[in-house]
Every structure is written in structure tokens, then in C-alpha cells.
Amino acid sequence: MPRYEARRTLPAPVEEVWAVLADPARWPEWWPGLVGAESSVRRALAPGAHWQLQGTERPSFRRRAQLGGSLLFLEVVPLERISFQLTGEHAEVELDLAPVEAGETQATLTVEAPRFGGIGRTVHSQALA
């Protein structure tokens, strides 16, 4: 499967970035094509946690369907790393965070997905934009 990686320095400290990741309601702020996410467990960001996702639109002749289905967290290291599977798209995603100077965060996002699956080739860079 193709593997794509994007790296960016975010203008926020790691704690603020982590707060967005830990709140399913805030995922549409950063993940392309997502309008809703809901955790099925009380502790939303933990290994084994399962979220239901809602995408933005239906497929058409010109556009393919946006993200939907479910997300399963595989690894969670607070303030450092998450990895998860997007089950509908058969994609594996890793997000690594590291603090840098002046209260910023270095984020590295890696997406591994089938070439003709539901994930576009630019989703990794769009997510960190």
C-alpha cells in the first residue's frame, strides 16, 4: 500500500494540540472531509476506543464520497503519539507530536492506504494545513 507523510510545525503547544485530538467533536477542525465524530466509550482517546465518523457528502460523478464509517485507536501515548485505523477506507494513520521552541508543536502525519480507497493522496498534507 502507498504510504504518505506530511510534517508541519503547528503554532500551538503540544497540550493544545492534544486537547483537539482528545475531543471527538473537534476532529472536523483538522481532518479533511469530516463533519462529525462520536466516541462509543467514555474514555474517548485510548487504545481500543472506537469512534463513529460522519463525512461531508455522498459520491457523485465528479466527487468521491468523503470520510465515513469508523475509527479504531491502536496506540495512544499522551502528548506524543496516536495511531488508528479508518476501517471504511482500510487506512492506517500515525500522528507523532513533539514540542519545539516558542510553544509550537512539530507534527508528523503518516497515512498508509490502498491506492484506490476512500483516502485521497493529499489527505495527509490537508490534515496538517
Side-chain angles (χ1 to χ4, degrees):
M1 273 192 283
R3 186 175 175 93
Y4 306 101
E5 183 176 291
R7 183 172 287 126
R8 179 165 184 227
T9 300
L10 305 174
V14 172
E15 295 80 10
E16 287 182 26
V17 175
W18 194 260
V20 172
L21 296 175
D23 183 357
R26 295 192 66 191
W27 273 50
E29 293 176 25
W30 74 279
W31 193 265
L34 189 64
V35 295
E38 185 176 310
S39 174
S40 62
V41 294
R42 189 172 192 183
R43 191 166 163 224
L45 192 57
H50 182 259
W51 292 6
Q52 284 300 119
L53 306 175
Q54 181 183 10
T56 56
E57 57 192 41
R58 295 185 186 145
S60 70
F61 180 70
R62 291 185 170 171
R63 297 180 304 232
R64 67 175 164 217
Q66 295 295 312
L67 185 65
S70 63
L71 177 153
L72 174 66
F73 284 99
L74 304 173
E75 181 182 9
V76 177
V77 180
L79 303 176
E80 293 180 21
R81 181 175 212 278
I82 61 171
S83 68
F84 56 91
Q85 290 178 335
L86 296 169
T87 58
E89 288 74 18
H90 307 289
E92 299 225 358
V93 180
E94 300 170 356
L95 177 61
D96 292 295
L97 305 174
V100 292
E101 59 187 71
E104 297 177 324
T105 302
Q106 178 72 42
T108 304
L109 182 68
T110 306
V111 178
E112 188 172 323
R115 190 170 309 277
F116 299 107
I119 296 286
R121 290 186 297 173
T122 61
V123 73
H124 59 290
S125 56
Q126 290 174 352
L128 293 182

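In this text the structure is predicted, and so the values were computed from the model without any measurement.
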Where is the tightest heavy-atom contact between [X] and [Y], given as atom of each residue plus distance?
{"X": "Trp51", "Y": "Phe73", "result": "CE2-CE1, 3.4 Å"}
{"X": "Pro28", "Y": "Gly36", "result": "CG-N, 3.8 Å"}
{"X": "Ala49", "Y": "Ala44", "result": "CB-O, 3.2 Å"}
{"X": "Ala107", "Y": "Leu10", "result": "CB-CD1, 3.8 Å"}
{"X": "Ser70", "Y": "His50", "result": "CB-NE2, 3.1 Å"}
{"X": "Val100", "Y": "Thr105", "result": "CG2-N, 3.9 Å"}

Quick check on the hydrophobic clustering: are Val35 and Trp30 connected, directly or via other members, by side-chain heavy-atom contacts under 4.5 Å?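 They do not share one cluster, since no chain of ILVMFWY contacts under 4.5 Å joins Val35 to Trp30.
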
Cluster link Leu72 to Val93, ILVMFWY, side chain under 4.5 Å: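 Shared cluster, no.
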
Residues in side-chain contact (heavy atoms from CB on, under 4.5 Å) contact with Ala46, at least two apart in sequence or another chain: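 If we apply the side-chain contact (heavy atoms from CB on, under 4.5 Å) test to Ala46, skipping adjacent residues, the hits are Arg43.
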
Going by heavy atoms in the side chains, are Trp27 and Leu71 under 4.5 Å from each other?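 Yes, their side chains come closer than 4.5 Å.
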
For the OG1 atom of Thr110 and the CZ atom of Arg7, what is their distance to the nearest 0.5 Å?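 Rounded to the nearest 0.5 Å, the OG1-CZ separation comes out at 8.0 Å.
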
Drop me the distance from Glu92's CD to Glu112's CD, to the nearest 0.5 angstrom.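 Between atom CD of Glu92 and atom CD of Glu112 there are 6.5 Å.
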
Decide, yes or no, whether a salt bridge links Glu5 with Arg3 under the criterion of side-chain N to carboxylate O below 4.0 Å.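 Salt bridge between Glu5 and Arg3, a charged N being under 4.0 Å from a carboxylate O: no.
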
Ignoring hydrogens and angles, write down the donor-acceptor pairs under 3.5 Å from the side chains of residues 75-82, residues two or more places apart or on other chains.
residue	atom	partner	partner atom	Å
Glu75	OE1	Arg81	NH1	2.5
Arg81	NE	Asp96	OD1	2.9
Arg81	NH2	Glu94	OE1	3.2

Is Gln106 atom CD crowded by more than 12 heavy atoms from other residues, nucleotides or ligands, each under 6.0 Å away?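 More than 12 within 6.0 Å, yes.
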
